[in-house]
Amino acid sequence: MHTVSGISVSGGIAAGPLRVWKRTETRLSRVSRLAPGQERARFEAACKTAGSQLEGLYRQVLAEAGKDSAAIFEIHRMMLEDEDYLEAVMSVLETQGATAEYAAQEAGRQLSAAFSAMNSEYMQARAADVTDISRRVIRILTGQGGAAALGDRPVILAAGELTPSELVRLDRSRLLGFLTRCGSAASHTAILARTMNIPALTGVDFDEDWDGRTAVLDGCGGRLYLDPDRGLLAAMEEKRQGLLRDRALLQGLRDLPSVTLDGREIQICANIGGPADAALALENGAQGVGLFRSEFLYLNAEKCPGEEEQLAAYRQAVRAMAGRRVVIRTLDAGADKRADCLCLEREENPALGLRAIRLCLERKELFRTQLRAILRAAAFGPVSILFPMIASLWEVREARALLEDCRSELQAEGAAPGGVRLGVMIETPAAVMIAGELAQEVDFFSIGTNDLTQYTLAADRQDPRLERFRDPRHPAVLRMIGYTVEAGHRHGCRVAICGGLAADRSLTEAFLRMGVDELSVPPSDILPLRRLVRGLDLRGEQTPGECPVRSLNGADFQGIF
């Protein structure tokens, strides 16, 4: 028996023969005998056909896996019309006298490489989408290529990579699971695998001679077992049955409220990195989006996104959430989140520099563009705006004044901006200290525990050498959370936690006892967290030693320092 490690993409256990798929790449003619205009016409016709095919896939997945998963193919259809992609194709056609299929291939490679080089995992995952649409256009132009052949019995598929279109075209009755060399947990293929409950791994460096060998794929443990013995097969089958029982129980919680045994209700929402993640949030029973990280639009972009581009992204997320609240955090760039399009100067200490709300208030036109887009998106569903890294009252007031100016502009232009609720991130000690005053300015707080820990303990969150000094469970951090909740509630302000501690289930009971109203976590943490909440009874005393957090009034807080 041989054990191979991989990265878990979709949980579950699969056992059976391996089928290694070697994709046949058609050698494309580079130089065209036709005029560039004729090749352009061929390309445009292929794009039209591809669009029709994607509409068909949308309907297929809509019937099989629901609207949220089907949206992936609507995104692909929109990517066929993306200006960057089209310009890249036309450039190759005109400068190299190339065939339409060669131009599509080269444009796909260029954009895929650009996405792969980005720092954002979300944007890296879009490389596979560009590859997918380019291959589709090439297949149409050449009349060649097809889905992986699984054979006449159920198998575990091994592929260098697998695109969403290729996954959907596979015969589900013969697909036990899959593994790939390339990919990520944030890719659309991964989202589909989770939606379709297909066990999957990525980052597995398999050999072609594995074809036909028996294997067990553990999508939860991130392991592939080649030639498993009887003992392992029995243990994996027992684990598989347990996972099936657990999954059924969790899915039964998907549409239930997050209410403790004694009747205390808490909202459990999702943190997302882009509009496509809304599907995963809904799949996991999110009661809303507690944190939409809008900086994904800016990171490594050649130019700052305009109002229409931002509106499209925000509107997509709002519509996808179907009436559930979407909290959009305004641009939180700077420090570890470098965006070349912003042309930020190098700073000696960027964590304490021109970042987040400071950058927006210094570059007001940049800020106004985003605020206008958010207000317009709010016309399509409930939206809240979250200002990051607040340290002073004047920052909130100035940001709110800009927001109202933007609202007036849109109304004067004949637009119909939607209503929004305002919130601030509590992630600096200064914000904690003035939480009572801030609560009178906004509707809600969202505590960012990652930065709050960094600034409270003076420990750079990017420096691995400081791991043991950067303890998010430090009493000072937990007491600040307790004080923020108390100060917020004193003035009718809701309090959420959206940082890493929100998903720490060993602290859930403590947070509920503090009075936290909402926890916003990665989508995969929602249902396990809901199950925990529904099993809690807050009527008695907290178990001694679990979490030494005491409620803090003003006198107590002053006594800490």
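Predicted, not measured: the structure shown is a model, and the values here were computed from it.
The shortest distance between side-chain heavy atoms of L457 and H474 falls below 4.5 Å. L352 places a side-chain heavy atom less than 4.5 Å from the side chain of Y455. A heavy-atom distance below 4.5 Å is found between the side chains of C498 and M425. Residues L261 and L536 have side chains not in contact (no heavy-atom distance under 4.5 Å, counting atoms from C-beta outward). A heavy-atom distance below 4.5 Å is not found between the side chains of F178 and P199. Looking at heavy atoms from C-beta onward, V383 lies in side-chain contact with V318 at the 4.5 angstrom threshold. Looking only at side-chain heavy atoms (C-beta outward), D332 and R293 stay at 4.5 Å or farther from each other. Side-chain contact between I385 and I328 is absent, with no heavy-atom pair separated by less than 4.5 Å.
Each of V442, L291, T330 was evaluated against L386; a single residue qualifies, L291, per the side chain to side chain contact (heavy atoms under 4.5 Å, CB included) test.
Side-chain atoms of R368 never come within 3.5 Å of backbone atoms of L402 as a donor-acceptor pair (strictly under, hydrogens ignored). Judged by distance alone, the side chain of E395 and the main-chain N or O of A391 form a donor-acceptor pair under 3.5 Å. Between the side chain of Q370 and the backbone N or O of L331, at least one donor-acceptor pair lies under 3.5 Å.
Aromatic pair Y314/F380: ring centres not closer than 6.0 Å.
A cation-pi arrangement is present between R325 and F444, with the terminal nitrogen or guanidinium carbon under 6.0 Å from the aromatic centre and inside a 45° cone about the axis.
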